[in-house]
Amino acid sequence: MTAKKTPVFVQRRTYRRRRVADGARLLPVFGGILFLIPLLWEGDPAGAEAVPDGARTAWVMTYLFVVWFGLAVLSGVLARFLVAEDDGGDEEGDS
Amino acid sequence: MVTLNVLVLVCLLYVAFLFAVAFGADRAALVGRGTWLRSPIVYTLSLSIYCTAWTFYGAVGFAARSGLEFVTIYLGPTLVMIGWWWTLRKMVRVGRSQRITSIADLISSRYGKSNTLAVFVTLVAVIGLTPYIALQLQSVTLSFATFAEADPFTDAPPSQQSTAFWVAAGLAVFTILFGTRNLDANERHHGVVMAIALEAVVKLFALLAVGVFVVWGLAGGVDEILARIDSSPIARWEVPGSRWVGLTLLSAAAFMCLPRMFQVMVVESEDEDHLRMAAWAFPTYLMLMSLFVVPIAVMGLELMPEGANPDLFVLTLPLRNGQEGLAILSFLGGFSSATSMVIVAAIALSTMVSNHIVMPIWLWSTGGGAMVSGDVRSVALLARRLSIAMILFLGYCYFRLSGGGTALAAIGLISFVGVAQFLPALMGGLFWRGATRSGALAGLGVGFVLWLYCLFLPSFGASEIMPYSVMQNGPLGIGWLRPQALFGADGMDPVIHAVMWSLLLNTCTFLGVSLLTLPKPIERLQGAQFVNVFQHSQTPGSWSGGLARSEDLMIMSQRIMGASEAQAMFSKEARKQGIAGYLPEPTPDFLQMLERELSGSVGAATAHAMISQIVGRATVSVEDLMAVADETAQIMEYSSKLEAKTEEQARTARQLREANEKLTQISVQKDAFLSQISHELRTPMTSIRAFSEILRDSEGLSEEERNKYASIILEEATRLTRLLDDLLDLSVLENGQVVLNSQTGQLSDMLDRAVSAAGVQDRLRIHRRREAEKITLHTDLDRLAQVFINLISNAGKYCEAPDPALTIRPQAENGNLVVDFIDNGPGIPTDQQAMIFEKFSRIGQTKAGGAGLGLAICREIMGRLGGDITYLPGQEGAAFRVVLPLREAATVQAAQ
């Protein structure tokens with residue numbers, strides 16, 4: 001495998017680190033989209049008591065908390081792998 | 001039954017406990033034992049002051065009124081927190097590297113340390129947070145009232161106004177005791193942070209306890225509560241999209257802009273790496289805080305009588321169900337939420353007020369700044385204490401004015417929109433170097449005015465400050481200026497309406513004015529330091545001491561820090577510098593250290609101003625710096641010019657030296673030549689004279705003798721003529737008066753001619769390759785032959801090998817004829833190779849009496865023919881290379 005050579009291995013690590021940082025930047029966007037999804041379910045018009053299939057608070061609440069928990073876990077995992085070394089250059093170029 | 005008195009006692013005990021914790025933490029930090037104080041978990045917990053009484057009481061009320069919408073207030077911060085790598089990390093880094101003491105400090109620092117901006121931000125923050133503080137007062141008042149109602153021993157429960165007043169007064173005392181006991185360097189309050197962390201645990205525990213009690217105690221399990229939610233009035237998912245998105249964004253913005261959040265997140269931050277834990281732990285905390293909100297709201301709606309205040313369900317549900325212990329815990333949770341928020345907000349705001357408003361005014365009014373008598377430290381402390389009291393008083397006034405009956409969440413949102421106005425200036429300052437002070441001021445101004453007009457003033461109700469007619473028909477009947485339907489945006493939710501217009505116009509103004517205005521140099525400097533904080537060094541610019549007088553500095557420091565501390569610091573520094581006594585040299589390092597120490601007491605801007613007053617002209621303003629930079633650039637340019645000149649001079653000098661050497665050498669050679677030539681001339685002349693005299697004076701000479709003498713005379717005269725011919729030839733060649741006579745011929749013929757003319761066949765073997773010599777030439781053959789003859793005869797004359805031999809090696813190369821003449825003698829020493837083509841040059845005292853003109857003539861001839869003759873080093877003997885262009889010969893000739 002290519003990882004046997006030291007330089008390739010180091011570059012791979014740097015590459016990984018950069019992608020982890022990208023992931024960390026994308027996470028709030030991703031989370032924002034997930035939090036917006038319940039808006040799509042808001043199907044039943046006012047007074048449509050007859051539509052029992054419309055989204056219910058209980059169900060949306062479960063969804064939100066699951067997503068919330070998932071984001072916290074993901075954020076924790078990313079935070080473990082984020083390294084502050086790549087500040088230079090990378091920072092300017094990406095943000 | 002819990003009596004009101006018991007409750008007050010519990011409160012006081014709890015406060016005393018918190019105070020003890022804070023005191024202990026401060027002590028531990030002072031003696032340096034408190035590493036656990038600086039753990040990421042404490043940092044994360046301290047962030048939870050985001051969850052105030054609004055969360056503790058208001059979220060349930062919010063949920064009871066509008067269902068899941070309450071959660072947006074926690075989704076925004078969650079998104080900001082998980083995006084910490086982007087924004088928060090930068091804020092914290094900037095805060096640490098620039099020694100920022102508050103959000104007003106950050107914004108003013110970014111835009112060129114502008115105090116105008118700092119004052120403005122401070123005012124906006126104070127006004128914006130007033131409703132928020134009122135909210136805390138209201139929640140504590142309401143919770144007291146709830147217990148009072150249930151208290152059978154109190155016949156006349158105290159009025160809400162008086163409760164609120166006493167709560168405000170109590171909180172003010174509490175905050176003053178907590179937050180302004182000492183003036184820490186860098187504005188860090190270990191004790192307060194510790195107490196807040198503890199309160200965070202208490203409120204989370206209390207809310208979770210109530211939640212567990214409601215779900216498992218009242219509802220009877222998870223499935224049961226889900227079913228009840230499904231059949232409750234808030235069962236349907238019907239959140240307006242605009243509010244869902246708008247409130248999420250608003251809470252995210254407020255999370256970053258709230259002065260108290262900034263205080264715990266940036267100012268109190270010990271280590272940037274703590275964000276790593278907060279990145280997941282804080283969203284989890286928020287999630288847990290929100291977990292039981294809907295169940296509590298649903299059960300409250302179901303069990304509590306019609307008209308009960310949903311904001312107090314957290315308290316009333318346990319109370320009504322006889323769980324007094326739980327109710328007290330819940331009360332303490334709410335009390336914790338309110339107090340921690342008020343303490344930190346008041347500390348943050350009072351820091352801003354004292355650093356940016358009171359201290360500058362005080363310094364200005366006292367004229368000489370630190371030179372006048374009076375303890376600056378006590379002034380700073382007093383300013384902060386008064387600020388805290390004033391802030392709480394404002395909160396109380398808002399509570400009185402708004403009537404105390406508004407939903408908690410609605411009050412909180414007003415504050416959020418107010419502080420969110422900082423967002424464009426803050427983010428623009430952190431990420432855009434083009435953001436200017438004017439842009440920030442204009443944007444902030446527009447946003448603030450719109451917020452006042454659309455949200456803050458209408459919040460007092462239609463009749464009091466903003467008349468009903470204005471609300472309904474707009475000012476002066478202009479419909480499109482109606483506060484809650486600006487520019488015809490009718491039918492929008494008031495909060496979303498205000499968020500949209502204020503932030504939109506704020507951002508647009510900020511961007512537009514920034515694009516149009518030019519930043520001052522200091523703004524550009526700070527902008528670069530902020531935006532590129534990860535690339536720049538940590539030091540924010542140093543003092544150049546020298547003119548500062550240590551004694552004055554010491555007098556000032558004593559007034560701010562207290563005499564003993566200042567003396568200790570100064571003497572320590574003096575010892576470090578190796579000076580006895582109390583007055584160290586005002587080195588830049590020392591001044592920077594002093595400024596940092598002072599900034600903890602009076603704020604960075606003020607400390608900077610005070611030191612610059614004393615250090616005086618030695619302080620370099622950025623304008624000076626720029627001028628200096630210009631000057632430096634000029635000096636550098638000048639010096640580089642000088643350097644270039646020096647180099648040139650050195651080069652010229654070298655050339656001159658070389659020329660001189662050559663001249664000296666030539667002169668030496670000329671002398672030698674002259675003696676040589678006089679000798680050369682004299683020898684034949686002597687012979688000629690002597691033999692002429694013999695011929696004239698002697699009689700009886702035989703015919704044979706006469707012939708012999710006459711031929712000697714002739715021979716010598718010929719020699720003289722040849723010598724003179726050579727000299728003439730050379731001078732003609734050098735002056736370019738030579739006429740070339742172009743002919744066509746074979747190289748081999750020419751060499752034959754030259755070899756025979758040189759007359760050296762008897763003592764020199766000549767190696768030639770006939771087949772290589774079949775080259776047709778078109779040039780002045782006689783002149784070329786002269787060169788060849790010279791080279792061949794030189795070889796004959798100077799080759800000292802026992803068996804002298806000369807190799808003639810012709811070849812055609814790149815359109816040139818190249819003929820090498822290589823003998824097998826000792827060659828020419830390297831140091832003389834450069835000289836051999838000079839006139840009169842002769843190598844050593846050679847036996848053959850050449851005049852040293854031959855090679856000089858050869859060189860001149862070859863130059864005339866468009867070719868060259870060079871010495872070819874590195875061969876077995878002396879080697880000369882003759883180069884002659886084959887084709888250009890004609891053109892060169894034509895040019896003559």
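Lettering of chains follows the sequences in order, A, B, ..., and the numbering in each one begins at 1.
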| query | Between the main-chain N or O of Phe35(A) and the side-chain N or O of Trp244(B), is there a donor-acceptor pair closer than 3.5 Å? | reply | yes
| Do the side chains of Trp68(A) and Ser290(B) get nearer than 4.5 Å, heavy atoms only? | yes
| request: Indicate yes or no: at least one non-hydrogen side-chain atom of Val245(B) is less than 4.5 angstrom from one of Leu39(A). | output: yes
| task | Quick one: closest heavy-atom pair of Met61(A) and Val294(B), and the distance? | result | SD-CB, 3.5 Å
| request: Hey, could you give me the CG/CG distance between Leu34(A) and Leu75(B), rounded to the nearest 0.5 Å? | output: 11.0 Å
| Contact class of Ile225(B) relative to chain A, heavy atoms under 4.5 angstrom | neither
| task | Let me know if Tyr74(B) has heavy atoms under 4.5 Å from chain A in its side chain, its backbone, both or neither. | result | both
| message | Within this structure, what is the CG-CG distance for the pair Leu64(A) and Leu68(B), rounded to the nearest 0.5 Å? | response | 6.0 Å
| CG of Leu78(A) to CH2 of Trp84(B): how many Å apart, nearest 0.5 Å? | 9.5 Å
| request: Search all heavy atoms of Ser75(A) against all heavy atoms of Ala279(B) and return the closest pair with its distance. | output: OG-O, 2.9 Å
| query | Relative to chain A, which of Ile229(B), Asp230(B), Leu226(B) shows the most heavy atom pairs under 4.5 Å? | reply | Asp230(B)
| Spacing of Leu288(B) atom CG and Phe65(A) atom CZ [to the nearest 0.5 Å] | 9.0 Å
| request: Measure distances from Leu79(B) to the heavy atoms of chain A and classify the residue's part below 4.5 Å as side chain, backbone, both or neither. | output: both
| Side chain of Arg276(B), backbone of Ala79(A): donor and acceptor closer than 3.5 Å? | yes
| field | chain A contact via Leu291(B) - side chain, backbone, both or neither, heavy atoms under 4.5 Å | value | both
| request: Evaluate side chain to side chain contact (heavy atoms under 4.5 Å, CB included) for Trp280(B) paired with Val77(A), printing each intermediate quantity in order. | output: CA-CA 8 Å; Trp280(B) 61 268; Val77(A) 171; over 6 Å; no
| Would the number of heavy atoms belonging to other residues, nucleotides or ligands and lying under 6.0 Å from OH of Tyr63(A) be above 12? | yes
| Between Val298(B), Leu275(B), Thr284(B), Thr78(B), which shows the greatest number of heavy-atom pairs under 4.5 Å with chain A? | Thr78(B)
